[in-house]
Amino acid sequence: MQVIRSPRVYDVCIVGSGAGGGTVAKVLTEAGANVVMLEGGPMWDSAKDSAMFAWNYESPTRGYGGDKKPFGAFDGCIGGWEIEGEPYTVGRGAWRWFRGRMLGGRTHHWGRISLRFGPDDFRRKSLDGLGDDWPITYDDMKPYYDKLDSFVGIFGENHAARTGLHNEPDGIFLPPPRPRAHELLIKRACDQLRIPIVASRLSILTRAHNGRAACHYCGQCGRGCATHSNFSSVSVMLPPALKTGQLTIVPNAMAREVTTGDDGLATGVAYVDTQKLTDHHVRARVVVVAASCGESARLLLNSKSPRHPNGLANSSGVVGKYLTDSTGLSVGGHVPALAGLPRYNADGTGGAHLYLPWWGDNKALGFPRGYHVELGGGYGMPGYGFLSGIHNFPGSRGGGYGAELKDEYRRYYGSFVNFAGRGEQVARADNYVEIDPNVVDKYGIPVLRFHHTWSDHERLQAKHMQETFRSIIEAMGGTPTSPMPTAAEDYGLAVGGLIIHEAGAVRMGHDATTSALNRYCQAHDAKNLFVADGAPFVSQADKNLTWTIMALAWRTAEYIADERRKGNL
Amino acid sequence: MAKLTRRTMLQAVGATAAAAFTWTAEEATAAATQAQQARAQAAATGKPYARKFFTAHEYATVTVLSNLIIPKDARSGSASDAGVPEFIDFIVSDQPARQTAARGGLRWLDAECTARFDRRFTDCTDVQRRQVLDDIAWPRRARPELSQGVAFFTAMRDLVATGFWSSRVGVADIGYQGNRPVAEWTGAPADVLSRLGVAYES
Ligand SMILES: Cc1cc2nc3c(=O)[nH]c(=O)nc-3n(C[C@H](O)[C@H](O)[C@H](O)COP(=O)(O)OP(=O)(O)OC[C@H]3O[C@@H](n4cnc5c(N)ncnc54)[C@H](O)[C@@H]3O)c2cc1C
Ligand code: SF4
């Protein structure tokens, strides 16, 4: 195989341009480093490529995206659950893997729920004996969460002050948008049940911020925002990096291996040009792997050499282990009070304007970790699947056709609410990825094999979600649209991976025999190798993880800049 | 915030297209609105629909059936006014997993009509058509021996609803008011809040 070698030696090579990679690129280029970024997917520009303001009837499928666009025909993501020519396999249990393949990774169409982990979330083992503590604390992370809030722009409010929940730290917020009507009705029910409900924290600009325009409330953040009013790596992190003149982006460059020298240190990255199918090598003094949790683990495991026979950063054998996802399930309900109301434009920002942080006391419950709740409802743009299954709706006539049916659709529109629970899974060594011994992708790169199961910790949490959501719907005078699942059905718990919060497969820790990375996400085995995505996480939290991916990446990048200044890298 | 007019929006786009990262809110919404107009224009110049999956007879059956499911009324047109038969033909051609059930279901309907009235569904009178539909449109009270017809009709009802309500006609009828730039988000209007008995915190 002929390898095209770049003569230039960059200060830093970053693999991946998503939440983690974008953040590292901004911080390091601004610190003066010369950075090359390898991105496996094509370029994507929110201003030009977003389908903002498209109508579902402009698509022949009315917005249905099929396998290629699992989140809808206009979704701002190239990639999906299955990518042609890039398989993965599953051993024990079940797993679904969502991959973005484009500049910016999955940050164009993510939900933008932007939460800090709280003080407890970094030291769960000390609190309940399960899993492990992080090698860092909330105090180590706080300055970086602050920088992120200030630079990116995020709306929200002080959840701790509102609710008295000490594990919901304050942040730096733009004003939150008013709730929609159905959200106020949910709030009334939650107030009655003494379940805290607060303003969401979304990385969407309710005011112009750092040269970016304020949101104009089209409600379609998942398509990518043409006006850069929400967070994506491409809208927010890459522009300042490019402005320094220090960033070279190589699109369609799928990393195959991190190369190392005789001293065991990283020397650069070997990659495939996915368009020309040519092989390349780029040299760098520091390598930052930020290809997403699963891809980063895969890349390290595939980077074998005499000095690193188990793969790079893996003398402990821990790479691939402790894979987690958030738990997840949804319960919908029909609320007669919402039926037949005067219509209004309920789009607002992409995502719910209210949010339920975890309020329970796990010591008094039968499961160790909590969950938060994401809300749905309102008058969405009609599209594929609109009010499907009307014959089974609570209170419906049970089917039929004609003028009365037509009226029935009008009455049901906007009368449904939805509650999605997202909880913490306890990390376990026996939930892991490894390299499949028999399967390679179309570039010849060996693929991942996943092993993942839930335990009763998660199942009992799911039961609590089900019961809680049903009680909220009933307090609203509504009826759940699905029956309560049984224990044999795991209480409706989604298959691992489906919530798309993978973390933990290259975990950090103080002890080089039980972790791959130190407290700066620097490999114990190779000091010029870093990981900057969800892979270093020691545990999940009852909060979405991306804000922590970015704060941690920011911290890692500052450490790299510091060490370079000191001549240590 | 300044009121947005179409003219000021378009002016704004012309003035600042190059400086994408320093747009004001007005300029930003202008750019997006212009994109929408460009797409609408492109769509308007499209060719008439050419059938992809159904035979002429099947397509005629789908059309009659769709209009029985969603007829014209005082507020909006019928399923076929909203392009539902085109949508169903396209989606069945696009989703092979639906094809046997769709084609077979239409055959089932013709067989049932032939058994009862000695003619196909499209050749039946309105009264005859409704007699058959009344037997398959109500899953919970349908006779068990008609279960295949019930399954077919249930799938058709869902497809017709998607096709109708997601169309331009349906979106206007159902009263969806979004997908447009809003200069300032003020939440739900007072009449909605008072009907629900809720209010904003001051
Ligand atoms: C629909 C959806 C909703 C979500 N909502 C939320 C939410 O509300 N809140 C939240 O916190 N999180 C949310 N997430 C999760 C969030 O998107 C991810 O946590 C985040 O994007 C992870 O960032 P990352 O940098 O690790 O990976 P990514 O953003 O996936 O970026 C990784 C990049 O690396 C590239 N890459 C991969 N392998 C290689 C290789 N070998 N060589 C070169 N490049 C490579 C990929 O092409 C990709 O561009 C959501 C995700 C989805 C899909
Ligand atoms: S809701 Fe706001 S941030 Fe989201 S895509 Fe629309 S304008 Fe952009």
Side-chain angles (χ1 to χ4, degrees), chain A residues 47 52-58 60-63 177-181 184-185 187-188 206 208 211-214 216-220 226-229 239 337-338 341-348 379 381-391 398-403 405-406 409-410 413, chain B residues 20-25 27-29 31-33 35-36 39-40 43 68-71 73 87 90-91 94-95 133 137-141 153-154 157-158 161-163 165-168 170-171 173-183 185-189 191-193 195-196 198-200:
Chain A
M52 182 169 273
F53 292 138
W55 289 98
N56 282 326
Y57 52 72
E58 290 173 46
T61 57
R62 303 297 167 88
R178 276 181 161 178
R180 303 166 176 96
L184 286 179
L185 205 64
K187 179 169 187 320
R188 190 171 68 187
T206 49
R212 287 156 50 220
H216 53 256
Y217 306 102
C218 72
Q220 297 285 0
T227 58
H228 310 293
S229 308
L338 290 168
L341 290 176
R343 306 287 197 247
Y344 71 101
N345 179 355
D347 277 359
Y379 300 109
M381 185 195 300
Y384 187 84
F386 182 80
L387 294 183
S388 163
I390 193 168
H391 60 288
Y401 59 96
L405 176 74
K406 195 174 179 184
Y409 283 110
R410 292 170 179 142
Y413 180 51
Chain B
F21 291 98
T22 54
W23 283 359
T24 65
E27 291 159 353
T29 51
T33 305
Q36 191 174 30
R39 263 199 315 273
L68 279 162
I69 292 172
I70 296 202
D73 66 1
F87 164 71
F90 177 84
I91 211 74
D94 196 47
Q95 298 180 9
L133 295 196
W138 305 92
R140 279 196 295 269
R141 60 176 200 238
F153 189 83
T154 301
R157 180 171 42 227
D158 283 347
T162 277
W165 297 110
S166 66
S167 71
R168 194 186 294 265
V171 166
D173 177 331
I174 205 98
Y176 171 68
Q177 294 177 15
N179 199 31
R180 65 186 59 175
V182 171
W185 168 260
T186 52
D191 58 338
V192 173
L193 299 184
R195 292 254 310 249
L196 287 172
V198 293
Y200 286 116

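Just the heavy atoms: all of them, side chains too, but no hydrogens, waters or symmetry mates, feed the values below. Lettering of chains follows the sequences in order, A, B, ..., and the numbering in each one begins at 1.
The heavy-atom pair separating B:F153 from A:G400 by the smallest distance is CE2-O, 3.8 Å. The two residues B:P139 and A:G398 come nearest to each other via the heavy atoms CD-O, 3.2 Å. Taking each heavy atom of A:A403 and B:P71 in turn, the nearest pair found is N-CG, 3.6 Å. A:T61 and B:F90 make their closest contact through CG2-CE2, 3.7 Å (heavy atoms, listed as atom of the first residue, atom of the second, distance). A:H391 approaches B:R140 most closely through the heavy-atom pair O-NH1, 3.5 Å.
Taking 4.5 Å as the limit, some side-chain heavy atom of A:N345 sits within range of a side-chain heavy atom of B:R180. For the pair A:P382/B:Y176, a side-chain contact is recorded, criterion being any heavy-atom separation below 4.5 Å from C-beta on. Residues A:F53 and B:P181 are in side-chain contact: their nearest non-hydrogen atoms beyond the backbone lie under 4.5 Å apart.
Of the listed residues B:D191, B:I70, B:D173, the one with more heavy-atom pairs under 4.5 angstrom with chain A than any other is B:D173. Your options are A:A181, A:C218, A:G402, and the one with the most heavy-atom pairs under 4.5 Å with chain B is A:G402.
B:T162 contributes no side-chain N or O that, together with a main-chain N or O of A:Y384, makes up a donor-acceptor pair within less than 3.5 Å. Side-chain atoms of B:Y200 come within 3.5 Å of backbone atoms of A:P179 as a donor-acceptor pair (strictly under, hydrogens ignored). Counting only distance, with no hydrogens or angles, the side chain of B:D158 and the backbone of A:S388 share no donor-acceptor pair below 3.5 Å. A:R62 places a side-chain N or O within donor-acceptor distance of the main-chain N or O of B:G163, the cut-off being under 3.5 Å. In terms of modelled atom types and a separation under 3.5 Å, the side chain of A:R178 and the main chain of B:W185 share no donor-acceptor contact. With hydrogens and angles ignored, the 3.5 Å screen pairs a side-chain donor or acceptor of A:R343 with a backbone N or O of B:I174.
A side-chain contact (heavy atoms from CB on, under 4.5 Å) with A:L184 is found for one member of B:L196, B:V192, B:L193 and no other, namely B:L193.
Both the backbone and the side chain of B:L133 come within contact range of chain A, judged by heavy atoms closer than 4.5 Å. Only the side chain of A:Y413 comes within contact range of chain B, with heavy atoms under 4.5 Å apart. Residue contact with chain A, scored on non-hydrogen atoms closer than 4.5 Å, involves the side chain of B:R195 exclusively. Heavy atoms of B:S167 lying under 4.5 Å from chain A belong to its backbone as well as its side chain. Using a 4.5 Å cut-off between heavy atoms, A:R410 contacts chain B through both its backbone and its side chain. A:A337 touches chain B through backbone and side chain together, each having a heavy atom under 4.5 Å away. B:D73 touches chain A through backbone and side chain together, each having a heavy atom under 4.5 Å away.
By the 30° and 60° cut-offs, the orientation of the rings of A:Y409 relative to B:W165 is tilted.
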